[in-house]
Amino acid sequence: MTSSLHRGRPRRAKSHISVRVAHAVLGSAVGVVWLVLPGMTSGGDAPVAIKNPAPGASAAVAEDDERSTVDLVLPLVAVGAAGAIAGYGYLRRVRRTRVRTTPGGAGSPPPSRSSPPLAALDEQACAALVEADNRVRAARAELGFAGALCGAEDLESFRRAVREAETELAAAFRMRQRYDEGVPAEEAAREHALAGIVGRCAEAGRRLDSVAGEFGRLRGLEQGLGEALGVAEGRFRELAGRAGASEAVLAGLRDRYAPTATASVTGSVEQAKDRLLFATVRLNQARQSADSGQPERAARQLRAAEGAVAQAAVFVDGVDRLAEELRTAELTVPAALTGAEAELAWARRPADLSARQSPAPGPATSRPAEPRPGPGMPPGAAGTTPGGFEVRLLHVDAVLGSVRQELTGGQPGDPVGVLRRIVRATAPVTSGRAGVLPAAALITARTATAAAADFVATHRGAVGATARTRLAEAERLLATGDPADRPSADLLALEARELAERDVRAHGNPYMGAAGEETAGTGGAVLGGIVLAEDPEEGTPAGFAGPARPAPARRGPE
């Protein structure tokens with residue numbers, strides 16, 4: 001018996017069709033020979049005249065006529081039968097190949113692609129970035145609490161694992177940033193890039209997994225809370241006191257500066273208190289569970305409390321850091337204004353092309369200066385038309401004039417915002433002679449990047465991959481130390497903060513209690529990624545131990 005695999009081969013299909021056609025041709029040839037042969041055998045005889053045929057002769061003639069009719073009909077029937085058989089075989093073969101499901105059949109559907117489509121890979125890459133970023137952030141917080149009870153030597157292997165995971169994650173974010181910029185352009189290469197992002201994130205998770213068991217044994221929370229509970233309670237009391245002080249600091253900043261200067265920390269003190277409220281409940285529950293002989297439950301509750309305390313510290317530290325940044329920016333504004341005016345005056349000097357094409361040594365700014373066209377130079381020879389260069393100079397003059405007016409107006413201002421306006425206005429015409437302008441760009445980039453990082457860290461339960469990618473790119477550019485990268489880092493950090501805020505608004509209220517009311521800060525803890533909305537009591541994502549369940553894909557708004 002012929003197997004279905006053999007019957008399904010295209011080669012055999014073609015051979016069956018050939019046999020049917022050969023049968024039809026052979027039958028037709030036989031029929032034609034049958035028709036032609038009688039004529040060939042009787043054509044050579046001479047006609048014979050027959051007079052007064054006898055009755056016996058007439059009967060013989062009739063028999064010959066009947067036999068000739070039969071000789072004509074039989075070949076036609078044979079030809080028709082052969083054709084019908086061949087046609088039936090061909091049609092049957094066509095129907096079989098169309099419905100065939102065995103491998104290799106001519107009519108079988110094309111095999112499915114081994115890799116998912118680009119859109120599915122994109123969602124997978126976004127989910128992998130979010131999950132890996134959450135794990136690394138949670139692992140840092142866990143190391144902070146473990147460091148209070150263990151020596152630096154005991155934690156070195158774990159710190160190294162976190163650094164390696166951070167390196168893999170940074171590479172994944174860099175690949176994602178280039179992907180969002182359209183690099184590479186070919187679809188096959190883009191699929192490969194997305195697969196590389198997923199692979200990098202998986203490797204970051206494996207670095208943490210490799211030391212997860214050892215880290216769990218080092219802390220030993222499942223065997224008993226020990227001194228870990230006391231450490232968490234001590235930090236809780238410290239932050240509770242600092243939250244009150246930060247509230248006073250923020251009130252002073254609001255009196256001294258414009259609302260835009262403190263917008264990044266609006267509500268930070270209230271959110272810090274909300275996280276501390278959640279930590280209070282979980283610390284009490286952890287102690288009760290430990291006393292009732294439920295060490296594993298007590299360990300989960302303690303980790304949740306530690307995560308809430310760590311995020312409260314981010315809120316409080318953010319207020320204190322912004323106060324220092326505003327003071328530094330306020331002191332830098334007059335020098336930056338003077339440097340910008342010097343740049344403007346130099347740009348308006350009579351053209352010295354050689355000097356303009358070879359600026360004096362000094363720190364580079366975000367964009368090299370475009371030399372002003374000289375009297376004997378054709379338009380556009382220096383990179384711009386004379387009229388266009390004058391328009392740029394007029395714009396710089398208008399911005400600097402507006403800044404001078406604000407400084408002398410006596411109204412509360414935004415020092416960081418003022419520095420950002422000066423840096424952006426002078427970037428097209430600066431020469432690098434005024435070293436204060438790169439320092440001003442550093443202040444604005446650091447302030448924007450730190451604010452975006454704090455927001456993502458304390459709202460990671462809702463922030464998607466796009467905002468995290470822009471933040472990672474801003475941090476990368478800022479870490480290069482190149483003054484030319486600072487304006488780009490500033491722009492990316494501002495974009496990351498805006499995208500993250502949009503993610504949070506779209507996410508809405510992440511958790512409501514059974515009665516429709518938020519209970520004991522749980523909503524803020526879910527928003528911060530400390531616990532899961534589906535199971536806030538049991539599902540506590542951890543850094544080294546991994547997430548309680550796969551994170552959903554959150555791409556973020558484009």
Side-chain angles (χ1 to χ4, degrees), residues 121 123-179 192-222 228 299-300 303-304 306-307 310-311 314 453 456-457 460-461 463-465 467-476 478-480 528-530 532 539-554:
L121 274 176
E123 293 181 2
Q124 184 180 358
C126 290
L129 285 169
V130 170
E131 179 178 323
D133 191 41
N134 286 344
R135 285 197 65 180
V136 170
R137 292 177 183 274
R140 292 196 202 109
E142 290 178 346
L143 278 176
F145 284 95
L149 298 175
C150 305
E153 300 81 5
D154 298 331
L155 296 178
E156 179 55 33
S157 61
F158 308 112
R159 297 187 190 278
R160 182 171 58 253
V162 171
R163 289 194 298 268
E164 292 172 353
E166 289 172 344
T167 300
E168 295 292 339
L169 182 60
F173 274 126
R174 178 59 181 153
M175 294 171 66
R176 182 71 209 195
Q177 177 66 28
R178 290 177 58 82
Y179 181 90
H192 183 72
L194 292 175
I197 293 172
V198 174
R200 290 280 190 173
C201 293
E203 182 61 26
R206 283 192 291 269
R207 298 299 174 90
L208 298 178
D209 291 337
S210 64
V211 297
E214 186 180 352
F215 185 77
R217 288 188 293 271
L218 177 68
R219 298 203 72 186
L221 297 181
E222 280 72 12
R300 289 194 299 269
R303 289 194 188 99
E306 289 175 344
Q311 290 194 8
V314 173
V456 172
R460 65 175 186 259
V463 176
R468 299 177 194 236
T469 301
R470 301 297 179 270
L471 173 60
E473 183 67 7
E475 292 173 338
R476 185 190 71 83
L478 192 59
T480 63
I530 300 169
L532 299 176
T540 303
F544 287 100
R549 64 192 64 180
R554 290 191 299 272

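Treat the numbers as computed from the prediction; the structure is a model and nothing was measured.
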(request) Give a yes or no answer on whether the side chain of Q311 reaches the backbone of G528 with a donor-acceptor pair at less than 3.5 Å. (result) yes

(request) Indicate yes or no: at least one non-hydrogen side-chain atom of D209 is less than 4.5 angstrom from one of R135. (result) yes

(request) Taking the side chain as every heavy atom from C-beta outward, state whether F173 and L471 have any pair of such atoms under 4.5 Å apart. (result) no

(request) Locate the shortest heavy-atom distance separating V211 from A161; write the atom from each residue and the value. (result) CG2-CB, 3.7 Å

(request) State the CG-CZ distance between L155 and R160, to the nearest 0.5 angstrom. (result) 11.5 Å

(message) Does this structure show an ion pair linking R303 with E306, if we count only N-O contacts that are shorter than 4.0 Å?
(response) no

(request) Measure the shortest side-chain to side-chain distance between V130 and R468 over non-hydrogen atoms and say whether it is less than 4.5 angstrom. (result) yes

(request) Look up atom CD in E222 and atom CZ in R300, then write down how far apart they are to the nearest 0.5 Å. (result) 8.5 Å

(request) State the CZ-CZ distance between F215 and F158, to the nearest 0.5 angstrom. (result) 6.5 Å

(request) Enter the distance from R206:CZ to C201:SG here, rounded to the nearest 0.5 Å. (result) 10.5 Å

(request) Side-chain contact test, heavy atoms from C-beta onward, threshold under 4.5 Å: evaluate it for V456 versus R137 and give yes or no. (result) yes

(message) With salt bridge (Lys or Arg N to Asp or Glu O under 4.0 Å) as the criterion, how do E156 and R163 come out once you've worked through the C-alpha distance, each side chain's angles and the decisive distance to 0.1 Å?
(response) CA-CA 10 Å; E156 179 55 33; R163 289 194 298 268; 3.1 Å; yes

(request) Flag the pair E168 / E164 as yes when at least one side-chain heavy-atom distance between them is below 4.5 Å, and no otherwise. (result) no

(message) Using every non-hydrogen atom in the two residues, find where V136 and A165 come nearest and quote the distance to one decimal.
(response) CG2-CB, 4.1 Å

(request) Return the minimal non-hydrogen interatomic distance between A310 and A141, and the atom names on each side. (result) CB-CB, 4.1 Å

(request) Give the minimum heavy-atom separation between V162 and A139, together with the two atoms involved. (result) CG2-CB, 4.1 Å

(request) With rounding to the nearest 0.5 Å, note down the distance linking CZ in R200 to CE in M175. (result) 6.5 Å

(request) Would you check if Y179 and T469 make a side-chain contact, meaning some heavy-atom pair closer than 4.5 Å? (result) no

(request) Please tell me if the side chains of R176 and L129 come closer than 4.5 Å, counting only heavy atoms from C-beta onward. (result) yes

(message) Using only atom types and a distance under 3.5 Å, with no angle test, would you say the side chain of E142 pairs donor to acceptor with the backbone of G543?
(response) yes

(request) Rounded to the nearest 0.5 Å, what's the gap from CD on Q177 to CD1 on I197? Could you check? (result) 10.5 Å

(request) Could you tell me whether the side chain of Q124 reaches within less than 4.5 Å of the side chain of L194, counting heavy atoms only? (result) no

(request) Could you walk me through whether R159 and L143 pass side-chain contact (heavy atoms from CB on, under 4.5 Å), step by step? (result) CA-CA 8 Å; R159 297 187 190 278; L143 278 176; 4.1 Å; yes

